[in-house]
Amino acid sequence: MSKDERRKVNEHSKDEQLEQFRTDNRGKKMTTNQGVRVSEDEHSLKAGERGPTLMEDFHFREKMTHFDHERIPERVVHARGFGVHGYFQVYEPMTKYTKAKFLQDPSVKTPVFVRFSTVAGSRGSGDTVRDVRGFATKFYTEEGNYDLVGNNIPVFFIQDAIKFPDLVHAFKPEPHNEMPQASTAHDTFWDFVANNEETAHMIMWAMSDRAIPRSYRMMEGFGVHTFRLVNEQGKAHFVKFHWKPVLGVHSLVWDEAQKIAGKDPDFHRRDLWEAIERGDEAEFELGVQMIDEEDEFKFDFDILDPTKLWPEEMIPVHIIGKMTLNRNQDNVFAETEQAAFHPGHVVPGIDFTNDPLLQGRLFSYTDTQLIRLGGPNFHEIPINRPVCPFHNNQYDGYHRMTINTGPVAYHKNSLQQNDPAPASEEEGGYVHYQEKVEGRKIRQRSDSFKDHYSQAKLFWNSMSPVEKEHIISAFRFEVGKVKSKDVRRQVVEMFNRVDHKLAKQIAVGVGVKPPEKDEGAKVTLKSPALSQENTIKTPLTRTVAILADTGFDDAEVSQVIKAFRKAGVIPDIISTALGMIKGDNGKEIEAAHTLQTADSVLYDAVYIPGGKESIERLKKQKAALDFINEAFSHYKAIGALSEGIDLLMSAAGAHSVSEPGVITAASGKAIDAFSKELIEAIGEHRQWERTV
Ligand code: HDE
């Protein structure tokens with residue numbers, strides 16, 4: 001399907017709605033915002049050639065004023081984000097559990113807009129920092145907008161929304177010097193952690209590889225809170241929502257993530273943008289975990305506690321549909337920046353629970369849009385408009401787009417036959433689930449929310465040895481940057497309540513006396529679903545750098561590239577200069593990047609083709625040697641053929657050829673087998689068993 005055809009797929013035609021708001025400048029004359037044609041746009045109006053600028057230059061003043069007001073406040077959290085369009089389809093009717101219309105008919109494609117984000121950094125910060133990722137989806141359903149405003153980690157730092165400003169103040173740059181940017185590796189964050197034990201579980205995730213994803217297309221999404229699905233008969237089930245990436249869940253290594261933040265701070269948005277431009281749709285399956293209302297108290301954790309997950313082995317994830325992201329936005333400001341998500345945007349059939357974090361969010365999101373988007377009419381901004389009609393008696397306010405007609409703007413009325421009239425439940429009116437609630441007004445937390453360590457330990461137990469190593473290094477990095485010795489000591493003490501060995505390892509790296517007593521949570525359970533080692537592995541959309549220069553073995557390269565393309569691997573030729581380079585048979589190939597513009601950390605794999613002259617030239621380039629060596633030390637697949645092996649050994653050492661994921665073949669004859677093996681290694685993502 002071509003990109004244009006794919007665009008047409010969204011039958012509900014969000015496009016058409018957006019179209020009417022679009023300004024299309026092609027073939028048009030320039031005007032002011034009042035529609036007056038502009039005769040000159042390079043010189044302001046002056047009294048004489050060298051004279052003063054005149055106030056009456058309304059075009060200058062309008063242009064400059066508009067420019068002066070171009071920025072709006074960035075989001076207080078999740079400021080850096082990137083959006084993409086697509087659609088969602090349910091696999092089979094969910095009638096038994098919910099009456100939500102978009103979850104009934106597998107033939108219906110519901111348009112969606114997704115905004116991925118980091119949490120801590122400013123809008124201009126790097127993509128690959130260690131952080132939680134936001135995963136917010138707006139479904140434009142025929143019954144109104146439904147927003148699933150989730151993260152790539154299934155639990156949260158705190159249990160009650162009233163603590164959110166404290167959490168955010170602790171992880172944001174410290175107020176006296178505004179440092180560090182987009183990083184939790186500083187005193188105030190770890191001070192907050194050590195003094196708020198409910199953070200323990202989330203911290204384990206944040207120190208794991210989940211916080212440095214390889215791609216937005218390769219991370220899970222979670223609704224985090226427990227919601228309710230309610231069917232036509234009013235029967236409810238508790239539910240947790242999951243997004244499962246079709247490409248599996250994969251991460252960068254920390255050294256790589258840090259380098260990318262400098263080499264290409266836009267790494268994740270570029271990866272997503274380029275994949276969509278190529279026609280590689282990003283796909284995520286929607287999963288639900290459900291618990292009967294009657295079973296609310298059957299678990300050893302409180303199902304309303306947002307610092308707890310529901311182990312998938314205990315409560316399976318049912319896959320119920322798929323989201324396909326296939327269209328890049330046209331304008332980042334208009335779409336990504338002005339998108340207003342809100343966990344309170346629900347449709348009939350989806351309802352809330354008493355999770356105290358969720359309840360607080362229901363207030364915060366509208367409030368934040370009021371300041372950010374400058375008034376109560378943000379629902380009229382094209383990216384936020386429902387695709388179904390909306391009518392009510394609200395009017396006026398900043399930036400009202402609708403021209404409401406007639407004198408009647410109240411309910412009830414007779415002058416307009418009482419329209420717009422509320423709809424009954426049968427007519428699709430939203431009726432809140434009638435949960436029975438009673439209690440005293442208290443500022444307390446339920447005892448059932450007080451076990452902060454068991455699931456932190458469950459997560460730790462579920463990690464593979466390599467993942468555990470990464471977690472220890474992350475703690476050592478983050479806590480190692482904390483200046484206060486006392487805070488470092490407190491952190492070690494706290495994580496000794498998760499796992500004794502972990503705490504001892506952290507202590508050794510951060511100059512704290514290792515704890516003597518094992519106070520670790522007594523949990524031996526594992527949840528294999530939590531380890532990324534058990535995820536889907538595929539070479540699809542992986543990138544490979546081909547290092548070649550004049551005299552490369554053309555027959556070989558052509559054959560390998562053909563095999564890459566067939567397997568969905570994306571090759572890039574990298575050389576010493578841009579433009580056409582000549583192979584050993586005189587044929588030319590175009591170098592898309594040079595050793596100066598590309599970098600090892602920006603690719604999933606490296607392939608070094610043979611060709612005596614090419615290798616001789618590359619051997620003289622330190623950048624080529626570094627490129628290969630770095631790919632080797634980041635556990636990436638490396639392929640080298642004939643003379644290419646020589647360059648590989650010069651870069652990564654003679655032992656490298658016998659390490660896992662390093663594929664070599666001495667002669668050009670074995671190209672098919674070589675390509676196959678290399679593609680398999682690329683699909684493995686990383687070769688953790690390698691000695692680097
Ligand atoms: Fe948010 N959060 N949050 N959050 N959140 C915002 O809303 C808030 C929480 C999440 O791409 C803000 O429009 C409170 C959990 C995402 O535009 C703000 C609490 C989860 C995004 C806000 C939480 C999230 C936000 C800032 C604790 C995962 C980006 C700008 C009770 C389930 C949405 C904005 C986008 C954004 C408040 C906790 C996810 C200030 C008070 C838990 C993905 O309203």
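Treat the numbers as computed from the prediction; the structure is a model and nothing was measured. As the structure lists them, so they are numbered: ligands from 1, and atoms in each ligand from 1.
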Sorted by chain and number, sequence neighbours left out, ring-ring contact (aromatic ring centres under 6.0 Å, His included) with Phe238 holds for none

Regarding Thr226 and Lys240, do their side chains bring together a donor and an acceptor under 3.5 Å, going by distance alone? yes

Give a yes/no verdict on whether any heavy atom in Gly150 is under 4.0 Å from an atom of ligand 1. yes

With no hydrogens and no angle check, just 3.5 Å: does a side-chain donor-acceptor pair link Ser448 and Asp302? yes

If the condition is side-chain contact (heavy atoms from CB on, under 4.5 Å), which residues does His250 pass it with, not counting sequence neighbours? Arg214, Met218, Thr535, Lys537, Arg542, His685

Identify the residue among Lys436, Arg228, Lys298 that makes a salt bridge (Lys or Arg N to Asp or Glu O under 4.0 Å) with Glu293. Arg228

Gln369 near ligand 1 by a heavy-atom separation under 4.0 Å: yes

Near atom 1 (Fe) of ligand 1, protein N/O/S count under 2.8 Å comes to 1

Checking Thr541 against Asp280: is there a side-chain donor and acceptor pair closer than 3.5 Å? no

Among side-chain atoms of Arg361 and His225, is any donor-acceptor pair under 3.5 angstrom? yes

Just need the protein heavy atom nearest to atom 34 (C) of ligand 1, so name the residue and atom and give the distance. Thr368 CG2, 3.3 Å

Ligand 1 contact by Ala340, heavy-atom criterion under 4.0 angstrom: no

Asn384, Asn145, Asp147 screened by side-chain hydrogen bond (donor to acceptor under 3.5 Å, both in side chains) with His345, the one that passes: Asp147

Gly223: numbered ligand 1 atoms lying under 4.0 Å from its heavy atoms: 32 (C)

Checking side-chain polar atoms at under 3.5 Å, does Tyr91 have a donor or acceptor matched by the opposite partner on Glu285? yes

Near Ala161, which atoms of ligand 1 are under 4.0 Å from a heavy atom of that residue? 31 (C)

Considering distance alone, does some N or O of His225 sit under 3.5 Å from an N or O of ligand 1? no

May I ask you to check whether Arg372 has an N/O atom sitting below 3.5 Å from an N/O atom of ligand 1? no

For ligand 1, which atoms have a heavy atom of Val224 less than 4.0 angstrom away? 28 (C), 32 (C)

Which residue pairs satisfy the salt bridge (charged side-chain N to carboxylate O under 4.0 Å, His left out) criterion with at least one member in residues 175-202, sequence neighbours excluded? Glu197-Arg497, Glu198-Arg445

If you scan protein heavy atoms around atom 38 (C) of ligand 1, the nearest is Phe156 CZ, 3.5 Å

